[in-house]
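Numbers here are sequence positions counted from 1. Indexing begins at 1, ligand by ligand and atom by atom, following the structure's order.
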Amino acid sequence: MFKKFLLLLCLLTLPLTHGLFAQSQYPIIPLPTKLTPKEGQFQFTKNTRLILPLADKGLMPVVDFFAAQLRTASGLPLEYFSANSTAIPKGTHVFFIEAPAGKVGPEGYRLTIEPDRIGIVAATPKGYFYGVQTLLQLLPAEAFSPQLVKKADGAAPRWTAPCVQIEDEPRFGYRGLHLDVGRHFFPVPFIKKYIDLIALHKLNTFHWHLTEDQGWRIEIKKYPKLTEIGSKRKETIIGHASRNNKAYTGKYDGQEYGGFYTQDEIKDVVRYAQSRFVTIIPEIELPGHALGALAAYPELGCNPDKIYQVATTWGVFEDVFCPREVTFNFLEDVLTEVMELFPSEYIHIGGDECPKKQWQESRFCQELMKKQGLKDEHELQSYFIQRIEKFINAKGRKLIGWDEILEGGLSPNATVMSWRGIEGGIAAARQNHDAVMTPGSHVYLDHYQTDPQNEPLAIGGYTPLAKIYGYEPIPASLKPAEAKHILGTQANVWTEYIKSSDHVEYMVFPRACALAEVAWSLKECCTYADFVARLNTHFKRLDYLKVKYAKHTDAPLKL
Ligand code: ACM
């Protein structure tokens, strides 16, 4: 009895915005910045209309997105009316309202739910989009159904949302999810589903890792052999690639593997991502991870007479681009086509894991280093990246690369993606460069999420849900002025051991839900237990969306 009394006391004294009450009534992921619970609820009925502001300013596709989803699940008509219409029938209304200048940030929104009206206030279509994503999460999970929902007795569910006042905007401007399509290829319908899931979680960046040692996956018109030859490998290793792993077999499957995206497909995906307010950052790996390209065009390597083959196993390979003029011309041509396809401000040029052995052995490279006054091969890599950065900057774009681009001197305007830990991000910020934090220790979703004994084979590592949830992107050692350079965070999904899209979903969810909250919500917003309580409702949404998320993790998903 006393225990029950204590529990009641705790529940009553918890701040409502962050306590269990709020979590169960308002199971939103990521949790909004400020949420004030209110009494009562709004019910969508056949008499609920959507009222649009006088100036459209790109809002229409967002209203269509919301209405289409809810119409599909509910069968309600959700008619539109303009705010100045004198013919708005009686009933309940959802008002889309333009924010007064300067009151709401570019990704922010305000959502007020009262018993007879809902107001969504934003300054941009993106802000409205996040507002309707939140509204959908306040409806029963059935709102995410891809077909009309009927209860067992044939009756329709009550489409209610609890009354609330929400003011929301993201903590970080960069909120990313990555996918490696080089090691395994994933078709366009899945890429679109992945983008939908990125948007559902209010992430705003899809980092598309398009070229690898094991396959070049983007059509380049000027260099057709990149896809004719570079997108195919003879076969694929079975089991783990490391001899030290007990799943090592040393055997290969004997089956050709390949796939690539045509430029038309890429344009279609870019348009789709724009409709979901997701920026796609393409990655073209250089100077390492280049075997797909070298197999097609051996003259780009330091040993042009060598027969290069698209890699059939996983790891880091010594065959890298040679810093000759022919290579720079090739890369500039490739990047020109890439920049025509992708409107993103950032172009990712890789820069990671580039062994220097062939440059050390190359007379050409050694002479180039002497001529340019470069003291070692790290400076030669820096020379390579700086030339590429100049080219990208001249086209009005920015270069981003993995943290090895710090070695030998950072290019003047480069942004660093810190993956080998947080040190790269710290070093970049201290040099007044921007950084995105993606440390392998916390946000690599190719790592095991629970006891490897009962899991599908993974590369290694151990990153359970709670660990990602506890990740803090701003390194404690940075001063506030330096910390401003940390643009945000991203989870990475390398696919050596992930062959199918179902397996991608299993590795990514629910861990990406935790990342979304790290990237969007306030640092002190909630406990892991709060998150898990909301996640249990979120799982029902993911079920409707047919996401094959991992249902077990090391954390019990019950409170
Ligand atoms: C990386 O994981 N090689 C960036």
Side-chain angles (χ1 to χ4, degrees), residues 174 176-184 205-217 240-242 245 281-293 311 313-321 346-356 378 381-382 384-385 388 399-408 410-411 414-428 433-449 458-463 467-468 471 473 486-498 504 507-508 511-512 515:
Y174 187 110
L177 192 60
H178 153 286
L179 185 64
D180 164 18
V181 298
R183 273 54 176 259
H184 285 102
T205 305
F206 171 40
H207 173 168
W208 204 357
H209 183 85
L210 286 163
T211 71
E212 258 308 335
D213 294 310
Q214 295 82 7
W216 181 283
R217 308 266 175 243
H240 205 285
S242 165
N245 191 290
I281 299 185
E283 180 178 354
I284 303 296
E285 275 269 21
L286 57 95
H289 289 285
L291 257 173
T313 183
W314 321 122
V316 173
F317 298 85
E318 284 168 4
D319 299 310
V320 303
F321 284 123
Y346 278 115
I347 302 296
H348 202 301
I349 55 74
D352 60 320
E353 300 177 321
C354 176
K356 308 294 186 295
H378 291 298
Q381 161 139 340
S382 176
F384 199 124
I385 306 278
I388 297 294
L399 179 144
I400 186 166
W402 301 110
D403 57 46
E404 286 93 330
I405 66 171
L406 282 150
E407 293 162 3
L410 200 49
S411 295
T415 295
V416 171
M417 200 164 255
S418 190
W419 73 278
R420 289 178 298 178
I422 60 173
E423 291 72 22
I426 294 172
H433 282 250
D434 289 340
V436 173
M437 304 304 283
T438 72
S441 56
H442 284 77
V443 292
Y444 265 42
L445 304 186
D446 54 338
H447 290 184
Y448 285 105
Q449 51 194 320
I459 194 163
Y462 177 58
T463 308
K467 188 168 185 193
I468 295 208
Y471 176 56
I486 306 298
L487 303 180
T489 184
Q490 171 178 293
N492 295 337
V493 186
W494 303 102
T495 59
E496 288 93 334
Y497 300 95
I498 306 178
V504 170
M507 298 305 278
V508 172
R511 290 188 289 183
L515 178 90

*Is there at least one pair of N or O atoms, one from W419 and one from ligand 1, spaced under 3.5 Å apart?*
no
*Please state which part of E353 comes within less than 4.0 Å of ligand 1, counting heavy atoms only: side chain, backbone, both or neither.*
side chain
*Verify, without hydrogens or angle tests, whether Q381 (side chain) and G351 (backbone) share a donor-acceptor contact under 3.5 angstrom.*
yes
_I'd like to know if the side chain of E283 pairs up with that of W402 as donor and acceptor (distance under 3.5 Å, no hydrogens or angles considered)._
yes
*Return a yes/no value for W402: is any of its N or O atoms, backbone included, closer than 3.5 angstrom to an N or O of ligand 1?*
no
_Residue and atom name of the nearest protein heavy atom (relative to atom 2 (O) of ligand 1), distance in Å to one decimal_ = Y444 OH, 2.7 Å
_Pairing donors with acceptors under 3.5 angstrom, does anything connect the side chains of Y346 and T415?_
yes
*With a 3.5 Å cut-off and no angle check, do the side chains of E404 and W419 form a donor-acceptor pair?*
yes
_Numbering as shown, the atoms of ligand 1 that approach W494 to under 4.0 Å (heavy-atom distance)_ = 1 (C), 2 (O), 4 (C)
*In terms of residue, atom name and distance, what is the protein heavy atom nearest to atom 3 (N) of ligand 1?*
D352 OD2, 2.7 Å
_I want to know whether W494 and H178 have ring centres closer than 6.0 Å._
yes
